[in-house]
Peer 1: 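Mind having a look at this structure? Questions to follow.
Letters A, B, ... mirror the listed sequences (proteins, then strands); counts begin at 1.
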Number of protein chains: 2
Amino acid sequence: MLRGDITVAIRNAVMSELAEVGYGRLSIEAVARRAGVGKTAIYRRWSNKLEMVMEIISDVAERKVPLPDTGSFSGDLQLLLMIVSTALQHRIASQIIPDLMAEAARNPQIAETLQRALRTHQQAVGEKLIGQAVARGELPEGTDPEVAVDMILGPLYWRLAVARQPIGEDYLEKFTVAVTAALRATG
Amino acid sequence: MLRGDITVAIRNAVMSELAEVGYGRLSIEAVARRAGVGKTAIYRRWSNKLEMVMEIISDVAERKVPLPDTGSFSGDLQLLLMIVSTALQHRIASQIIPDLMAEAARNPQIAETLQRALRTHQQAVGEKLIGQAVARGELPEGTDPEVAVDMILGPLYWRLAVARQPIGEDYLEKFTVAVTAALRATG
DNA sequence: AAACGGCGGAACGCAACCGTTACGTCGTAG
DNA sequence: CTACGACGTAACGGTTGCGTTCCGCCGTTT
């Protein structure tokens, strides 16, 4: 019975507000204003700010990223880096993600939701990417997927979301070479 | 003329409040309550929340971390990782840093202050650690300090401050080996 | 044609916080 | 001993947001 177009407007408004002021200062009233919607329309859907944000974020976070098999580890890796770096350079994502991560440090419910999404993706990356490479003989048997994922996502996140420095032409290539060498060494 | 003990109490209260509620929801009144101090004492020192937080944070952020020369790259690296990982595991630091980083994405003044501190440290690490290693012949001539710093700090920050997963016994050792291999490969 | 229900708008009482001001206390410098 | 000034307390008017309620509008269902 709830109107779909209004729900969409609210979702978009929440994302924009999250990006602009962060979770801490996000207010229902501001969301309603931005969505061009009455507060009642929001309270008819969710009972408070936390619940609203969590549901909206969960939907986005749980979208599965397809990890194609390019046939070689360096191909898989470069593709993954491309996908992640593109995502992390999107204005809204690069503001919302660090904000919610910080908020998660003090709100167990947010932490749990994000951790679940994060762990899911980490596992997907770790098992598929590394597993394939090991199966192909491109990485040694004992390669630790945990360390591997840290070494792949960490530097990108650091540079794009924390240090906020741009990525040069050859950065991803250099980085691919470096990571490959790193993982070969940890066997 | 301002009483030093009161200034200290306020500084501590600000750090605690930052950790607990984040910059977005930090209020002068809460700081005053927590410090056991009147609001007037705060407004006598700073004219608003941003100025107050910036000055207090700057002091902490600009403390120089001594980077000792252990004689070998892997020694230097392992020591650095130890220092950084210890810092990132401190409760208050691990809550304040991501929070301010997120806030920096939308507040230019915070961004500038943090970037200055960050860049200073990055340069220190890059030039000293990598420079020494290159001079010793442990890393190739053309090693890119930028990539190097990303590969060193990124994964640690990712794991400790973002994914919030504990570091195992042998993690730093494995990681040292991996990073060393990675950097040798990028020459 | 009538009933239903989601909608926006407006207002409610309540709480928190802003930045400022006035006041009385107390330690210290002169 | 006196004057100064930083201090805590309390109150100010104003703003913002909470979550709720009531209203009249309007499209859909029956």
Peer 1: Whole angstrom is fine here: how far is it from CG in Asp5(B) over to P in dC7(D)?
Peer 2: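 Value for this atom pair: 8 Å.
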Peer 1: Taking ring-ring contact (aromatic ring centres under 6.0 Å, His included) as the cut-off, I'd like each qualifying pair that reaches into residues 121-165 of chain B, sequence neighbours left out, listed once.
Peer 2: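 Passing the test, one end in residues 121-165 of chain B: Tyr157(A)-Trp158(B), Trp158(A)-Tyr157(B).
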Peer 1: Which residue pairs satisfy the ring-ring contact (aromatic ring centres under 6.0 Å, His included) criterion with at least one member in residues 12-47 of chain B, sequence neighbours excluded?
Peer 2: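 Checked against ring-ring contact (aromatic ring centres under 6.0 Å, His included) - neighbours excluded - no pair reaches residues 12-47 of chain B.
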Peer 1: Do Tyr171(B) and Val84(B) share a hydrophobic cluster (ILVMFWY, side-chain heavy atoms under 4.5 Å, transitive)?
Peer 2: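 Looking at the clustering, Val84(B) is in the same group as Tyr171(B).
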Peer 1: Calculate the interatomic distance between Arg44(A) atom CZ and dG5(C) atom C1'; express it in whole Å.
Peer 2: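 Rounded to whole Å, this separation is 8 Å.
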Peer 1: Can you tell me the distance, in whole Å, between the CD1 atom of Ile42(B) and the C1' atom of dA6(D)?
Peer 2: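 It works out to 14 Å between those atoms.
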Peer 1: Can you tell me the distance, in whole Å, between the CZ atom of Arg33(A) and the C1' atom of dC18(D)?
Peer 2: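 Whole-Å distance recorded here is 13 Å.
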Peer 1: Do Asp99(A) side-chain atoms and Ala102(B) backbone N/O form a donor-acceptor pair below 3.5 Å?
Peer 2: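 Not at all, since once roles are kept as given, no pair shorter than 3.5 Å links the two residues.
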Peer 1: Within this structure, what is the OH-to-P distance between Tyr43(A) and dG8(C), rounded to whole angstrom?
Peer 2: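 It is 15 Å, rounded to the nearest whole Å.
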Peer 1: Contact list please: residues 45-58 of chain B against DNA chain C, heavy atoms, distance less than 4.0 Å, in numerical order.
Peer 2: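 Of all residues in residues 45-58 of chain B, none places a heavy atom under 4.0 Å from DNA chain C.
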Peer 1: Considering only heavy atoms, which members of residues 20-30 of chain A lie under 4.0 Å from some atom of DNA chain C?
Peer 2: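 Heavy-atom contacts with DNA chain C come from no residue of residues 20-30 of chain A; none.
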Peer 1: Specify the separation, in whole Å, of atom NZ of Lys39(B) and atom P of dA10(D).
Peer 2: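 To the nearest whole Å, that distance equals 13 Å.
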Peer 1: One thing to verify: whether Lys39(A) and Glu29(A) come together as a salt bridge, which I'm taking to mean a side-chain N less than 4.0 angstrom from a carboxylate O.
Peer 2: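 A salt bridge links Glu29(A) with Lys39(A).
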Peer 1: Under the salt bridge (Lys or Arg N to Asp or Glu O under 4.0 Å) test, which residues partner Arg33(B), sequence neighbours left out?
Peer 2: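 Salt bridge (Lys or Arg N to Asp or Glu O under 4.0 Å) list for Arg33(B), sorted by chain: empty.
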Peer 1: Testing the basics here: between Leu100(A) and Leu114(A), what is the closest heavy-atom pair and its distance to 0.1 Å?
Peer 2: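 So the two residues come closest at O-CD1, 3.5 Å.
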Peer 1: Side chain to side chain contact (heavy atoms under 4.5 Å, CB included) with Glu17(A): which of Val53(A), Val31(A), Ile96(A)?
Peer 2: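 The side chain to side chain contact (heavy atoms under 4.5 Å, CB included) with Glu17(A) is passed solely by Val31(A) among Val53(A), Val31(A), Ile96(A).
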Peer 1: Nucleotides 21-30 of chain C: which of its N/O atoms have a protein N/O under 3.5 Å away?
Peer 2:
none

Peer 1: Any ion pair linking Glu55(B) and Arg45(B) (charged N to carboxylate O, less than 4.0 Å)?
Peer 2: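 Answer for the salt bridge query: no.
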Peer 1: For residues Ser47(A) and Glu51(A), is any side-chain donor paired with an opposing acceptor at under 3.5 Å?
Peer 2: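 Looking only at side-chain atoms, Glu51(A) and Ser47(A) do form a donor-acceptor pair, the distance falling under 3.5 Å.
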Peer 1: Whether Arg11(A) and Asp59(A) form a salt bridge (side-chain N of Lys/Arg under 4.0 Å from carboxylate O of Asp/Glu) is what I want to check.
Peer 2: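 Yes, this pair counts.
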